[in-house]
Amino acid sequence: MNYKISKKEIQEQIKDKLTHELSVEWQDATDEHYYKAVALIVRDMLVKGRKKFKDVAEQTDTKNIYYLCMEFLLGRSLKNNLFNLGIEDDFRKALSDLNVRLDNLYEMEPDAGLGNGGLGRLAACFLDALATQGYPAMGYSLRYEYGIFRQKLVEGWQTELPDFWLPGGQVWFQPVPTRAVEVHFDGFIEESWNNQYHVVNHKDYTKVLAVPYDLYVAGMDGRGVSRLRVWAATSAEADFDMKLFNGGDYLRAMEQNAMAEVITKVLYPEDNHPEGKSLRLTQQYFLVSATVQDIIRRHLFRYSTLDNLPEKAAIHLNDTHPVLAIPEMMRVMLDECGYGWDQAWSIVNRTVAYTNHTVMAEALECWGVDLFRRRLPRIYQIIEEINRRFCAEMHARGVDGQKVGRMAPLNDGYVKMANLAVVSTHSVNGVSKLHSEILKQTVFQDFYTEMPEKFRNVTNGIAYRRWLNQSNPEYADLITELIGDSYIHNAARLDRLLKYQDDKAVLEKMAKIRRHNKERMADYILKNNGVTIDPDSIFDVQVKRLHEYKRQHLNALDILATYQWLRENPSADFTPRTYIFGAKAAPGYYMAKQIIQFIVNLGNTINNDPRVNEKMKVVYLEDYRVTLAELLIPSADISQQISLAGTEASGTSNMKFMINGAVTLGTLDGANVEIHEAVGDENILLFGMTTPQVEQAKRNGYIPGNIYQNHPVLHQAIDEMGRGFGGVSFQQISDSLRNSDPYMVLADFDDYVRARKKSMELYANSAQWYRIGLTNTAHAGCFSADRSIRDYATEIWSAEPVPAHPKIHIAPSQK
Ligand code: 26Q
């Protein structure tokens with residue numbers, strides 16, 4: 001597909017959009033107007049590109065991929081689309097003639113923060129890769145009016161502000177009211193028999209209307225375009241409302257509206273910690289019911305039967321959050337399409353696959369049966385039948401009763417979402433090699449013994465064109481200068497960098513670029529934190545959601561111990577270091593919020609202590625989000641990936657840092673294991689227990705108090721933590737470390753300190769440091785989302801991309 005557009009065309013289009021859609025003349029328009037005008041032009045191009053792509057997909061009868069996820073953490077769209085379509089320079093020049101700077105327009109765009117962290121960002125990266133690889137794909141999600149909250153730190157304490165992103169963000173979304181569908185809740189089920197047909201009647205239900213909004217994501221070179229369809233909830237009772245209005249019952253009419261609209265009002269900000277809230281269940285069913293109806297409508301329109309659904313469509317469940325798609329598909333096939341159970345079940349099973357993103361038992365979703373049955377009576381009945389048949393089959397196979405209970409979708413008064421997912425899908429995968437192995441040995445062990453053929457691994461990947469080319473353009477240019485630009489399509493080619501490992505000139509250029517990126521970051525920090533940092537210091541970065549298992553407090557504890565030591569030895573030899581944190585905590589996660597405040601207050605103390613503050617600085621970045629990650633990651637020297645082994649499913653920022661040439665300081669957890677395999681011992685700083693060692697230590701009876709008693713450095717640090725900083729005591733964190741230390745911070749402490757010291761030695765020799773960095777970039781190719789998507793396509797979806805198609809000129813003026 002060719003998206004070439006002349007400067008003159010761009011300028012005409014912009015003026016046209018400004019006048020006709022934004023009601024402002026170009027001479028009077030602000031950057032915000034220009035941003036919206038450009039976004040609308042790009043959107044038009046994408047809509048046309050998608051149409052062409054869809055036409056080719058249909059002509060070639062290519063399988064469709066449907067990716068269901070409660071979260072898509074998109075960040076900004078404008079730069080990504082201009083870059084992928086290869087028209088960024090054209091727009092830059094056209095705007096410059098109008099005295100407008102494209103880079104200023106980028107800043108006008110709010111992040112679409114429709115996700116919490118890793119899982120939602122992965123979904124966004126996959127849309128890019130699906131398009132680039134040429135798979136016709138749709139993501140399905142919800143149009144939250146408020147995305148992930150904006151974090152404000154008040155005296156170190158996290159407070160949450162609403163993220164009303166729609167005013168600047170909605171230009172990317174095209175409403176499609178003709179495709180709205182109804183979703184039904186509550187009520188009761190009436191069953192009867194009519195000529196041997198089982199008739200199911202859902203009575204007295206509450207109707208909610210799901211209205212789709214579509215956003216398009218261009219793949220590299222615009223070969224393919226992915227569509228993300230998000231559903232907004234609104235009252236389905238328009239005429240009923242009118243009756244109420246006319247009858248004077250204004251308030252009741254408004255109330256009904258508000259009740260419907262609350263469903264897609266806000267993203268739940270808890271990750272890895274589900275709570276059984278009724279509204280969350282409502283959101284989940286709302287997503288899957290609208291989505292399943294949409295998929296089935298599309299399929300029937302084209303094929304007039306669902307018999308061939310598994311050949312023509314793959315439906316992917318990103319975690320258990322959309323798992324109710326399974327009973328919903330069964331409902332539509334049984335109650336509305338006249339299928340019998342066995343045939344419907346076979347179709348569903350062969351169409352749907354599931355990815356797990358967590359190993360922690362407490363993060364597995366389950367719903368109390370009472371709530372579930374009341375809200376979703378028909379879906380509950382279907383789950384009961386799935387459960388009955390599954391248990392019968394297992395009993396018939398001679399499986400032990402207790403084991404059947406552990407695997408059952410319904411057990412102990414709960415709907416077990418992960419069990420429902422494994423029972424009902426043809427494929428279950430983890431997101432890194434280690435994680436996929438752990439799944440088979442722990443949470444899904446029973447299933448693995450009964451149905452080993454379902455289990456796979458697909459290691460996560462990143463949209464590296466965003467994370468390398470767009471966010472670190474100078475480094476990307478250097479790479480292109482050295483090895484050409486084929487790596488932009490084929491990340492594996494990055495390995496051609498290896499031959500420059502010992503090229504002093506190249507390593508010096510790399511150092512210069514890093515230094516430049518660090519200066520940019522230092523400017524941001526001065527402006528936002530009021531802290532001056534030294535761009536020559538080591539930038540040691542830990543950014544991710546705040547969770548005890550991710551062990552930000554291990555990092556902080558070492559900073560405190562280092563501070564104590566430097567305070568006593570102010571003239572000691574110490575390479576200056578800037579410790580950078582960024583993390584949001586779930587609003588109700590009290591311990592996590594205390595850890596944030598501990599880091600902030602400790603940082604203030606250190607930054608203001610003249611004995612040490614030439615050597616160490618601690619910066620807590622407020623409101624860490626996609627756009628801030630894009631600024632920060634290219635400036636990092638060290639990537640902290642320090643979760644307790646066996647707890648982080650994969651991690652994906654580890655891959656983003658790596659491709660930008662940072663050195664991983666991490667445990668053998670998640671995808672760090674594969675990063676280590678890729679780069680070798682010399683190019684990573686590993687520390688800490690391995691997963692089997694963690695298990696062994698737990699079996700031996702881990703007693704953190706013993707370590708505390710016998711370790712003067714830790715003892716002193718934990719005691720000072722308890723006494724507090726900035727007038728706040730952090731007794732609860734210090735008590736937890738001494739008494740239970742569930743994530744074994746104390747056990748891994750010494751080795752962490754050792755690895756961090758080693759990083760200082762390596763950094764001292766610049767050529768050595770950048771040699772490691774370049775080697776990391778060279779081996780990062782296997783962590784591209786393109787590769788992940790090809791793995792999904794071949795191993796799970798049995799899907800082929802659309803064949804390369806003829807180049808077709810589309811210009812926005814050719815309407
Ligand atoms: C569930 C029910 C109710 C409310 C919230 C949730 C919920 C929401 C988000 C549960 C979990 C999440 C997000 C999980 C997540 O981001 N997991 C991360 O997924 C990444 C992509 O695979 C991995 O790299 C990370 O290791 C994993 O932690």
Side-chain angles (χ1 to χ4, degrees), residues 67 69-73 113-126 141-142 144 147-148 266-285 287 316-324 354-368 371 415-418 421 429-436 438-439 457-463 543-551 583-589 626 641-657 666-667 669-675 783 785 788 792:
Y67 197 82
C69 186
M70 290 287 284
E71 311 192 353
F72 281 82
L73 190 51
L114 309 183
N116 275 285
L119 168 125
R121 183 56 230 173
L122 184 77
C125 284
F126 280 1
S141 195
L142 295 183
Y144 304 106
I148 186 68
V266 59
L267 168 81
Y268 270 85
E270 287 90 30
D271 72 328
N272 281 309
H273 185 83
E275 269 186 88
K277 295 266 168 59
S278 164
L279 181 58
R280 169 76 183 187
L281 181 66
T282 304
Q283 287 187 334
Q284 293 185 350
Y285 182 66
L287 165 63
H316 205 88
L317 307 179
N318 203 27
D319 217 300
T320 54
H321 319 149
V323 79
L324 299 183
Y354 153 65
T355 299
N356 171 288
H357 294 264
T358 184
V359 279
M360 284 179 298
E362 69 268 24
L364 294 180
E365 278 190 292
C366 43
W367 295 97
L371 160 71
V415 181
K416 306 254 170 101
M417 305 286 262
N429 75 283
V431 289
S432 71
K433 280 187 201 164
L434 175 68
H435 169 58
S436 296
I438 293 176
L439 285 181
N457 171 247
V458 179
T459 298
N460 282 167
I462 57 167
V543 282
K544 44 186 80 260
R545 285 294 289 245
L546 211 132
H547 255 287
E548 285 162 281
Y549 84 80
K550 295 177 188 277
R551 302 201 294 192
K584 290 180 182 174
Y589 189 173
V626 171
Q641 308 296 340
I642 61 176
S643 49
L644 176 67
T647 60
E648 187 70 274
S650 158
T652 42
S653 78
N654 45 3
M655 303 167 184
K656 295 165 195 163
F657 283 104
T667 46
D669 199 18
N672 300 352
V673 174
E674 286 152 82
I675 293 180
F783 301 109
S788 299
Y792 276 102

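In each ligand, atom 1 is the first atom listed, and ligand 1 is the first ligand listed.
The residue among Arg280, Glu365, Glu648 with a heavy atom at the shortest distance from atom 26 (O) of ligand 1 is Glu648. Taking only non-hydrogen atoms, the option from His357, Lys550, His273 nearest to atom 22 (O) of ligand 1 is His357. Nearest-residue assignment for atom 17 (N) of ligand 1 (options Val431, Asn272, Thr358; heavy-atom criterion): Asn272. Considering Gly651, Ala586, Ser788 only, the shortest heavy-atom separation from atom 23 (C) of ligand 1 involves Gly651.
When heavy-atom distances to ligand 1 are checked against a 4.0 Å cut-off, Met70 has no atom that comes that close, whether in backbone or side chain.
Ring orientation note: the planes of Phe72 and Tyr67 are nearly perpendicular, at an angle over 60° on the 30°/60° scale.
Protein heavy atom nearest atom 9 (C) of ligand 1, with residue, atom name and distance: Glu71 OE2, 3.4 Å. The nearest protein atom to atom 18 (C) of ligand 1, hydrogens excluded, is given as Leu119 N, 4.0 Å; this is a heavy-atom distance. Nearest protein heavy-atom neighbour of atom 2 (C) of ligand 1: Pro274 CB, 3.3 Å.
Residue Glu270 approaches ligand 1 through these ligand atoms, each under 4.0 Å from one of its heavy atoms: 5 (C), 6 (C), 7 (C), 8 (C), 9 (C). In summary, the atoms of ligand 1 found under 4.0 Å from a heavy atom of His321, numbered by their order in the structure, are 1 (C), 7 (C), 8 (C), 9 (C), 10 (C), 11 (C), 12 (C). Taking a cut-off of under 4.0 Å to the non-hydrogen atoms of Tyr549, the atoms of ligand 1 that pass are 28 (O). Set against the non-hydrogen atoms of Ala649, the atoms of ligand 1 under 4.0 Å away are 26 (O).
Using modelled atom types and a 3.5 Å distance limit, the side chains of Asn318 and His357 yield a donor-acceptor pair. Side chains of Asp669 and Ser643: a donor on one and an acceptor on the other come within 3.5 Å. Tyr589 and Glu548 share a side-chain donor-acceptor pair at under 3.5 Å.
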Item checked: Residue pair Gln641, Phe657: steps toward the side-chain contact (heavy atoms from CB on, under 4.5 Å) verdict -> CA-CA 10 Å; Gln641 308 296 340; Phe657 283 104; 3.8 Å; yes

Note to self: Apply side-chain contact (heavy atoms from CB on, under 4.5 Å) to residues Gln284 and Trp367 and explain how you reach the verdict.
What the structure shows: CA-CA 12 Å; Gln284 293 185 350; Trp367 295 97; 3.8 Å; yes

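Considering backbone and side-chain atoms together, Leu122 places no N or O closer than 3.5 Å to any N or O of ligand 1. Looking at Asp271 next to ligand 1, no N or O pair under 3.5 Å apart turns up.
When atom types are taken as modelled, the side chain of Thr355 and the backbone of Asn429 share no donor-acceptor pair closer than 3.5 angstrom.
Between the NZ atom of Lys544 and the CG atom of Asn654 there is a distance of 6.5 Å, given to the nearest 0.5 Å.
Side-chain atoms of Asn116 and Leu73, non-hydrogen and from C-beta on, never get closer than 4.5 Å to each other.
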